[in-house]
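Here the structure is a predicted model, which is why all the values come from computation and not from measurement. Counting starts at 1 for both ligands and their atoms, following the listed order.
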Amino acid sequence: MNGSTMHLPIAELHLHLEGTLEPEFILEAAARNGVELPWTSLADLRSRYDFTDLQSFLDLLYTNLEVLQTSRDFEQMTRDYLRRASAGGVRHAEVSFDAQAHLLRGIPLEVVLTGIHAALDAGESEFGITSKLIVSFWRDRPASEAVEILQGLIDSDARIDGIGLDSAEVGYPPALFVELYDLARSHGLHVVAHAGEEGPAQNVADSLDLLKVERIDHGNNCLDDERLVARMVAERVPMTVCPLSNVRLRTIDTLARHPLPVMLEKGLFISINSDDPAYFGGYADANVAAVTEQFALDDATLELLARNSVDASFLDAAGKARLHGEIDDWVRSR
Ligand code: ADE
Ligand code: ZN
């Protein structure tokens, strides 16, 4: 492959599987499963994607995901994501799903996990993508509920690699979830959390200090606290940045005002991710392409972002070395 056709090989570390449901899939699955949605046509559904903030997006996301009923639905969702992601250069994906989104409407997590694992297990041979699975908990639900769900997953030996924390951030600080994260870490699970997306820099600091997370999802608002930034640089705390998400959820006005260049200049340990690609205008490659064009990123910067994504992943040393080798190939192809 030459430079014009080879995608930058990356690890995608911030991806909500429910956020990969494309409008066509949503309407098809609704019809197949007899789920009534407030919208019946593609045009009607597509007209709802103009978000004013995080909550306005979450309202649509949570309504649409109700079409997921069977293991087959979860498998198809995951396989569709892997296909799209691999076509855009993703070589390893650490994907998440929202436990309460399914449990609270009566879908057992066994159904969810059976479908997702079927696709992830086939992902390496079908699409050349390795993967890890993160269970995310809704921070606007009681922490005790999350603890109970996680304990159930642990007791049933569920194949999960880590936990995360997502949904509405403001008003639901990390301090509420200390027990959940203690439980996860005591069972050897990896730990990440959304922080500093709509919430304050303090949520980033508290996620590190109280939850002892290994990565921060988003983290943009850490930039409001110079001492915290210095600490994150010194401790090499990974941040999974999602540029198109930030624009569509209006945490920033326009891509031109995205703090990515500042993050790079300060030496923050950032990678580029898609968050909810079906809702925000593109998969990981579209996010990389958008910031590359917007900020005229050079090859050395793209290489850095790709290597960061690998180093911030939960792959073992051999898995990381393999992906760094692919990035070496990309560099040689330029
Ligand atoms: N759930 C899905 N995407 C999310 C995001 N960007 N922030 C919080 N919760 C989410
Ligand atoms: Zn997210």
Side-chain angles (χ1 to χ4, degrees), residues 11-22 26 48-49 51-66 68 77-78 81 85 90 93-104 112 116 132-141 143 146 162-174 176-177 180 190-200 203-204 207 211 213-222 238-252 258-259 270-284 286-287 309 312:
E12 175 146 66
L13 308 177
H14 183 162
L15 183 283
H16 304 264
L17 284 169
E18 297 91 346
T20 68
L21 294 184
E22 295 287 344
I26 291 163
R48 316 284 170 145
Y49 285 60
F51 310 116
T52 51
D53 57 11
L54 175 58
Q55 191 60 55
S56 68
F57 153 69
L58 294 175
D59 292 343
L60 183 69
L61 177 76
Y62 297 162
T63 301
N64 284 340
L65 63 76
E66 292 188 24
L68 296 165
M77 164 181 77
T78 308
Y81 161 69
V90 173
E94 302 194 346
V95 301
S96 68
F97 70 93
D98 283 345
Q100 283 110 323
H102 311 299
L103 263 183
L104 294 177
V112 178
I116 292 175
K132 305 260 180 211
L133 185 58
I134 294 169
V135 183
S136 267
F137 294 96
W138 279 351
R139 60 201 311 156
D140 47 350
R141 294 285 306 175
I163 69 158
L165 202 53
D166 65 4
S167 200
E169 183 183 358
V170 174
Y172 305 97
L176 296 170
F177 298 95
L180 177 71
H190 289 291
V191 287
V192 302
H194 284 54
E197 181 186 20
E198 276 195 346
N203 280 0
V204 176
S207 298
L211 308 184
V213 299
E214 296 160 84
R215 289 197 302 250
I216 297 285
D217 287 324
H218 296 293
N220 298 20
N221 292 343
C222 77
M239 284 166 57
T240 61
V241 175
C242 307
L244 294 178
S245 165
N246 297 153
V247 176
R248 295 297 290 275
L249 298 186
R250 307 204 188 177
T251 64
I252 48 166
H258 195 282
I270 61 171
S271 60
I272 303 291
N273 303 268
S274 68
D275 204 6
D276 301 276
Y279 288 85
F280 301 146
Y283 288 74
N287 278 268
S309 75

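- Relative orientation of the His16 and His194 rings is tilted, given thresholds of 30° and 60° on the angle between their planes.
- Here Ala195 pairs with Glu169, Asn203, Val204, Ser207, Ile216 under the side chain to side chain contact (heavy atoms under 4.5 Å, CB included) rule; sequence neighbours left out.
- Note that OG of Ser136 is 7.0 Å distant from CG of Asp217, once rounded to the nearest 0.5 Å.
- Ring-plane geometry between Phe97 and His102 is classed as tilted, the angle between the planes lying from 30 to 60 degrees on a 0 to 90 degree scale.
- With a cut-off of 2.8 Å, the Zn ion (ligand 2) has an N, O or S atom of Asp275 in range.
- Ring geometry, Tyr49 versus Tyr279: the interplanar angle falls under 30°, so the pair is classed parallel (tilted spans 30 to 60°).
- Judged purely by distance below 3.5 Å, without hydrogens or angles, the side chains of Asp53 and Ser56 pair a donor atom with an acceptor atom.
- With hydrogens and angles left out, the side-chain atoms of Thr251 and Glu197 include no donor and acceptor closer than 3.5 Å.
- The distance from the Zn ion (ligand 2) to the nearest N/O/S atom of His218 is not under 2.8 Å.
- Rounded to 10°, the angle that NE2 of His16 and NE2 of His14 form at the Zn ion (ligand 2) is 110°.
- The protein residues lying under 4.0 angstrom from ligand 1, judged by non-hydrogen atoms, are His16, Leu54, Phe57, Leu58, Leu61, Asp166, Ser167, His194, Glu197, His218, Asp275, Asp276.
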